[in-house]
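Note sheet for the following structure.
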Amino acid sequence: QDDTPRVLSIQSHVVHGYVGNKSAVFPLQVLGFEVDSINTVQFSTHTAYKHIKGYVLNNDQMKELVEGLVLNEVDYYTHFLTGYSRSPDSLREIAKIIKQLREKNPNLIYVCDPVMGDNGKMYVPEEILPVYRDVLVPLADILTPNQFEAELITGIPMKDLDGALRVIQTLHDMGVKTVVLSSTDLGDEENMIGLASTGGSCYKIPIPKVEATFTGTGDLFAALFLAWSHLTGNDVKLALEKTIATLQSIVVDTYQTARASHLTGKIPPRFTELRLVQNKTVIEDPKIKLKAVKI
Ligand code: ATP
Ligand code: PLP
Ligand code: MG
Ligand code: MG
């Protein structure tokens, strides 16, 4: 093997727009990663659009795709990335895949984005929670929940920074090496707070709020954090700064472009698709404007 990092990413595919693999694969490739992708669904667009059309990959089909990789001996990966999934069985299948990939590479890094909900609401079936908590989270090297997801997994509410630290410690105790909270409302009117911890040290970073709703940003976050952890030799502070710098540039550019054609009110989803292609140079070399601080 050469030393090119190799990722297997199991996520959604959309024909138009950027969520799941569509928001993860391009940034990873731009940053020098080989990416193999399994598409758990193929939808025309993401689910915030009015009409949802497309297909879901069933477990046997997912298993069969992995079987082909194994048989052809192309199942050596340095990283494994998973995101949005709606069925407990598919998560159990993913757990089997991790164990299988670790037979080929015991140092495989599993990056788990436990996508379950946001702002106090679950948007996947409730039966998913115990499978994340008891099966997948203990296998994760890097976990990237948002605030709500971290609270669900640990059963601990996060009302302030102390609560956040308790939640993070509980996730470490469950076996997670690096815990990253992609966003929390522990900031102020203008800023959310992101947090990253290796158990040894914990960092927080402000995330200036943009007045629009984006989709695919959580998936982009997980992919970027994976990439920058690797590229910085597991420097969580720098990885968090690079990740947030990239997201902030893309989100602001996407918002400004959308606003230019929608001067007031809520912007329809087709105008807030992430401007990834237009921000290729930002992805390659994000300029850090906001620093993370140790807490
Ligand atoms: P996950 O997918 O990990 O469960 P999530 O879907 O809740 O998390 P997002 O809310 O999309 O994740 O946030 C991921 C990142 O995207 C944030 O850290 C932030 O950098 C950026 N982001 C998303 N929405 C906004 C916004 N309205 N304003 C500013 N930044 C945003
Ligand atoms: N995959 C699909 C098909 C979706 O529709 C969505 C959100 O609507 C996502 C993934 C996750 O998006 P996000 O990265 O914003 O959490
Ligand atoms: Mg969110
Ligand atoms: Mg998400």
Side-chain angles (χ1 to χ4, degrees), residues 9-24 27 39-49 51-57 81-86 111-124 128 132 140 142-153 179-187 189-196 204-226 239-256 258 266-267 269 272-274 276 286 289-290 292:
S9 175
I10 303 191
Q11 302 197 60
S12 317
H13 171 79
V14 282
V15 177
H16 176 83
Y18 299 94
V19 299
N21 275 331
K22 282 287 290 289
S23 63
N39 300 324
T40 51
V41 306
Q42 174 167 218
F43 289 165
S44 311
T45 62
H46 69 66
T47 49
Y49 284 73
H51 307 278
I52 316 300
K53 297 279 180 193
Y55 311 95
V56 179
L57 187 79
L81 174 63
T82 64
Y84 185 85
S85 180
R86 291 188 58 84
V111 180
C112 175
D113 187 7
V115 180
M116 287 186 282
D118 209 346
N119 305 313
K121 273 207 201 81
M122 280 186 85
Y123 45 61
V124 299
I128 286 268
Y132 269 121
I142 299 177
L143 192 74
T144 61
N146 59 32
Q147 173 172 3
F148 177 58
E149 291 156 349
E151 291 174 331
L152 282 176
I153 294 165
V179 176
V180 194
L181 303 185
S182 57
S183 61
T184 69
D185 65 7
L186 304 174
E189 284 291 292
E190 276 95 49
N191 297 284
M192 303 182 276
I193 299 281
L195 293 149
K204 67 168 184 177
I205 191 165
I207 306 171
K209 289 181 196 169
V210 175
E211 286 312 311
T213 304
F214 302 95
T215 308
T217 37
D219 306 324
L220 178 59
F221 184 101
L224 289 171
F225 194 86
L226 180 164
L240 183 63
E241 290 169 342
K242 296 264 195 194
T243 298
I244 293 302
T246 309
L247 269 156
Q248 197 62 23
S249 295
I250 291 174
V251 158
V252 167
D253 177 48
T254 301
Y255 177 71
Q256 287 174 345
K266 199 174 167 344
I267 305 168
T272 51
E273 288 290 356
L274 298 176
L276 293 184
K289 293 183 199 137
L290 297 160

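When a ligand or atom number is given, it counts from 1 through the structure's own listing order. Residues take their numbers from the sequence shown, with the count starting at 1.
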> Any idea which of N191, T217, T213 brings a heavy atom closest to atom 16 (O) of ligand 1?
Replying inline: T217
>> Please classify the D118 to ligand 1 contact at 4.0 Å (heavy-atom distances, strictly less than): side chain, backbone, both or neither.
In response: side chain
> What atoms of ligand 1 come within less than 4.0 Å of a heavy atom belonging to N146?
Replying inline: 4 (O), 5 (P), 7 (O), 8 (O)
>> Can you tell me which portion of M192 lies within the under-4.0 Å heavy-atom range of ligand 1? Options are side chain, backbone, both, or neither.
In response: side chain
> Which atoms form the tightest heavy-atom contact between L290 and E241, and what is the distance?
Replying inline: O-CG, 3.9 Å
>> Using only atom types and a distance under 3.5 Å, with no angle test, would you say the side chain of E149 pairs donor to acceptor with the backbone of D118?
In response: no
> Taking both backbone and side-chain atoms of G218, is any N or O found less than 3.5 Å from an N or O belonging to ligand 1?
Replying inline: yes
>> Strictly distance-based, threshold 3.5 Å: is any side-chain N or O of T40 a donor or acceptor partner for the main-chain N or O of S12?
In response: yes
> Counting heavy atoms only, which part of E211 comes closer than 4.0 Å to ligand 1: side chain, backbone, both or neither?
Replying inline: neither
>> Is there a polar contact, in the sense of an N or O pair closer than 3.5 Å, between G117 and ligand 1?
In response: no
> Are any of the N or O atoms of V41 closer than 3.5 Å to those of ligand 2?
Replying inline: no
>> Counting the benzene-type ring for Trp, do H46 and F43 have ring centres under 6.0 Å apart?
In response: no
> Does N21 offer a backbone N or O that forms a donor-acceptor pair with the side chain of D219 under 3.5 Å?
Replying inline: no
> Taking only heavy atoms of L247, which atoms of ligand 1 are found under 4.0 Å from at least one of them?
Replying inline: 15 (C), 16 (O), 20 (O)
> Which of the atoms of ligand 1 are close to F221, meaning less than 4.0 Å from one of its heavy atoms?
Replying inline: 18 (O)
>> Yes or no: does A48 have any heavy atom under 4.0 Å from an atom of ligand 2?
In response: no
> What's the shortest heavy-atom distance between I193 and P206, and which atoms?
Replying inline: CD1-CA, 4.5 Å
> Going by the atom numbers of ligand 2, which of them fall below 4.0 Å from some non-hydrogen atom of S12?
Replying inline: 1 (N), 2 (C), 3 (C), 10 (C)
>> Report the atom name of the nearest N/O/S atom of D118 relative to the Mg ion (ligand 3).
In response: OD2
> Under 4.0 angstrom from ligand 1, any heavy atom of A212?
Replying inline: yes
> What closest approach, in Å, do L81 and A24 show between heavy atoms, and which atom pair accounts for it?
Replying inline: CD2-CB, 4.3 Å
>> Has T254 got a side-chain atom pairing as donor or acceptor with L274's backbone, closer than 3.5 angstrom?
In response: no
>> Heavy atoms only, cut-off 4.0 Å: how does V19 contact ligand 2, side chain, backbone, both, or neither?
In response: side chain
>> Tell me whether the rings of Y84 and Y123 are parallel (<30°), tilted (30 to 60°) or perpendicular (>60°).
In response: tilted
> Any idea which atoms of ligand 2 are less than 4.0 Å away from a heavy-atom of T215?
Replying inline: 7 (C), 8 (O), 12 (O), 15 (O)
> Which heavy atom of Y18 sits nearest a heavy atom of E273, and at what distance?
Replying inline: N-OE1, 2.8 Å
>> On a heavy-atom basis, I'd like to know which of G83, P114, S182, C112 is closest to atom 18 (O) of ligand 1.
In response: S182
> Quick one: does ligand 1 sit under 4.0 Å from the side chain of P208, the backbone, both or neither, non-hydrogen atoms only?
Replying inline: backbone
>> Nearest 0.5 Å, please: how far is CG in L226 from OG in S9?
In response: 9.0 Å
>> If you measure every N or O of V14 against every N or O of ligand 2, does any of those distances drop under 3.5 Å?
In response: no
> Any N or O of Y84 that comes nearer than 3.5 Å to an N or O of ligand 2?
Replying inline: no
> Based purely on interatomic distance, does H46 place a nitrogen or oxygen under 3.5 Å from a nitrogen or oxygen of ligand 2?
Replying inline: no
>> Quick one: does any side-chain atom of Q42 pair with a main-chain N or O of H13 as donor and acceptor, under 3.5 Å?
In response: no
> Do any N or O atoms from the side chain of K22 and from the backbone of V14 form a donor-acceptor pair under 3.5 angstrom?
Replying inline: yes
> Looking at I207, which atoms of ligand 1 are within less than 4.0 Å of one of its heavy atoms?
Replying inline: 18 (O), 19 (C), 20 (O), 30 (N)
> If you look at every heavy atom in S183 and M192, which pair is closest and at what distance?
Replying inline: CB-SD, 4.0 Å
>> For ligand 1, which is the ligand I care about here, please tell me if E149 has any N or O atom under 3.5 Å from one of the ligand's N or O atoms.
In response: yes
